[in-house]
Student: 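One structure coming up, written as structure tokens, with questions to follow.
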Amino acid sequence: MKKVAILPKLRQQILPNAIEIGARKGGTRALLKALTLNPNIFVSAKEIHFFDKEVNYRKGLEWYRRRMPAVPKAADTIVMEKTPAYFVTEKVPARVHEMSPDVKLILVVRDPVKRAVSDYAQLKSKSPKMKPFESYVVNGYGNVNDKENFIRIGRYCEHLDRWLKYFPLSQIHVVSGEKLVKNPAAELHEVEKFLGVKPVISEKDFIFNKTKGFPCFRDVRVSNGNATYNCLGKTKGRPHPNVQKEVLDKLYAYYRNYNARFYKMVGKDFGWPK
């Protein structure tokens with residue numbers, strides 16, 4: 001009897017129909033990796049920086065499309081990339097809208113003070129000679145240095161306001177970085193619903209890594225019939241500096257009004273310290 005060749009499912013590269021736009025050090029990498037547990041969600045391997053970097057944007061949408069994963073032709077397939085710089089770069093919302101006014105956007109936010117400290121810790125790990133955190137965020141007059149990038153990124157309401165000029169809030173799903181750590185399955189369930197895919201991610205897909213202080217998620221690869229867990233890279237969960245309490249108090253006071261405005265914009269209180 002003649003064997004019939006089984007053809008692989010037709011695959012294609014398409015422009016993303018969902019983009020994780022930020023925020024930096026909010027939990028974007030963890031969210032993106034965990035979403036791959038859903039078989040209908042496909043993600044780019046790297047941050048592409050298409051919309052924020054001129055050298056890439058000038059290469060055109062075809063160049064951008066070719067950096068997407070090859071996916072099966074199906075109506076419920078989600079193709080996603082993440083570049084946290086998109087959220088804070090002024091020209092990006094208009095460029096994304098020009099590509100697709102229907103694209104779904106995901107924003108991950110966390111306590112802006114802790115986000116700033118985490119941002120600093122990452123940079124210092126690459127440049128050990130950096131000055132203490134306090135010297136960057138407080139100026140010579142004892143005030144918060146609002147021109148410092150660590151600080152600017154955490155003014156979420158200002159950045160979101162630019163996106164809302166091009167996209168309705170219904171197309172932007174905001175994820176709590178804190179809840180993503182404490183109850184990842186619940187947060188991911190909401191993301192799945194937002195993306196319009198069948199929710200399949202559950203509590204059994206996660207275990208907690210006490211050393212790093214982050215959940216590890218089940219790897220889509222299975223070894224010897226046993227699930228393996230991905231705890232992200234060694235750069236995640238790195239030690240943070242001990243910041244002077246008076247500086248932390250200044251930062252929390254500084255962000256108070258920005259946070260309140262952000263809560264009102266998205267209709268959700270994230271409960272960050274005041």
Side-chain angles (χ1 to χ4, degrees), residues 10-33 35-36 40-74 77-109 115-116 118-120 122-123 125-127 146-175 191 194-196 233 235:
L10 292 176
R11 289 180 171 260
Q12 60 184 342
Q13 285 176 294
I14 62 173
L15 290 169
N17 44 22
I19 301 177
E20 197 177 343
I21 58 175
R24 176 170 157 172
K25 304 309 296 178
T28 57
R29 172 55 60 184
L31 178 65
L32 193 75
K33 293 286 286 184
L35 284 173
T36 61
N40 292 322
I41 299 176
F42 299 82
V43 305
S44 60
K46 298 179 179 180
E47 294 177 8
I48 300 177
H49 288 279
F50 175 67
F51 296 102
D52 64 310
K53 290 190 175 181
E54 294 300 322
V55 65
N56 292 334
Y57 191 68
R58 287 196 295 266
K59 295 175 182 177
L61 286 174
E62 179 60 19
W63 179 89
Y64 184 46
R65 183 186 67 80
R66 291 199 304 269
R67 268 126 197 94
M68 296 300 131
V71 301
K73 292 184 177 181
T77 296
I78 294 295
V79 175
M80 181 187 301
E81 75 118 332
K82 76 117 179 162
T83 301
Y86 290 165
F87 182 52
V88 299
T89 307
E90 292 187 10
K91 57 197 170 188
V92 170
R95 290 177 169 182
V96 173
H97 186 269
E98 184 177 1
M99 177 195 75
S100 172
D102 301 318
V103 68
K104 294 184 177 182
L105 306 169
I106 297 176
L107 173 65
V108 190
V109 292
R115 193 223 65 81
S118 181
D119 203 347
Y120 167 84
Q122 175 172 285
L123 293 172
S125 70
K126 299 175 182 178
S127 303
D146 59 5
K147 295 182 179 179
E148 172 55 55
N149 200 43
F150 304 147
I151 302 303
R152 185 179 69 90
I153 292 175
R155 299 199 298 262
Y156 302 135
C157 59
E158 292 184 348
H159 310 302
L160 181 60
D161 190 53
R162 289 194 298 271
W163 285 90
L164 291 176
K165 291 177 181 177
Y166 294 91
F167 297 95
L169 187 60
S170 59
Q171 272 177 242
I172 306 174
H173 182 72
V174 184
V175 175
V191 176
F194 170 72
L195 294 175
T235 62

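In this text, all values refer to a predicted model and were calculated from it rather than measured experimentally.
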Student: Please report the shortest heavy-atom distance between Phe42 and Pro69, naming the atom on each side.
Tutor: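 It is CB-CG, 3.9 Å.
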Student: Indicate yes or no: at least one non-hydrogen side-chain atom of Val88 is less than 4.5 angstrom from one of Asn149.
Tutor: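 No; the side chains remain at least 4.5 Å from each other.
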Student: Check whether Phe50 forms a cation-pi arrangement with Arg67 (NZ or CZ under 6.0 Å from the six-membered ring centre, at most 45° off the ring normal).
Tutor: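 Judged by the rule (NZ or CZ under 6.0 Å from the ring centre, within 45° of its axis), Arg67 is not positioned above Phe50.
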Student: Apply side-chain contact (heavy atoms from CB on, under 4.5 Å) to Glu90 and list each qualifying residue two or more places apart in sequence or on a separate chain.
Tutor: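 side-chain contact (heavy atoms from CB on, under 4.5 Å) check on Glu90 returns Arg162.
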Student: Any heavy-atom pair between the side chains of Ile48 and Met68 that's under 4.5 Å?
Tutor: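 The answer is yes, as the side chains (C-beta and beyond) meet within the 4.5 Å cut-off.
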Student: Looking at Ile41, Leu15, Val43, Ile14, which one forms a side-chain contact (heavy atoms from CB on, under 4.5 Å) with Val79?
Tutor: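 The passing option is Ile14.
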Student: Would one find more than 12 heavy atoms of other residues, nucleotides or ligands at under 6.0 Å from atom CZ of Phe194?
Tutor: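 Enclosed.
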Student: Is atom CD of Glu98 surrounded by more than 12 heavy atoms (other residues, nucleotides or ligands) closer than 6.0 Å?
Tutor: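 At most 12 heavy atoms, drawn from other residues, nucleotides or ligands, come within 6.0 Å of this atom.
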Student: Is any side-chain heavy atom of Phe51 closer than 4.5 Å to one of Ile19?
Tutor: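 The answer is yes; the side chains approach within 4.5 Å.
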Student: May I ask you to check whether over 12 heavy atoms, not counting those of Lys91, lie within 6.0 Å of atom NZ?
Tutor: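 Counting other residues, nucleotides and ligands, NZ of Lys91 exceeds 12 neighbours.
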Student: Would you say that Phe167 contacts Val96 through its side chain, given a criterion of any heavy-atom pair below 4.5 Å between the two side chains?
Tutor: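 Yes. Closest side-chain heavy atoms under 4.5 Å.
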Student: Within a strict 4.5 Å, meaning less than it, do heavy atoms of the Tyr64 and Asn56 side chains meet?
Tutor: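 The answer is no; the side chains never approach within 4.5 Å.
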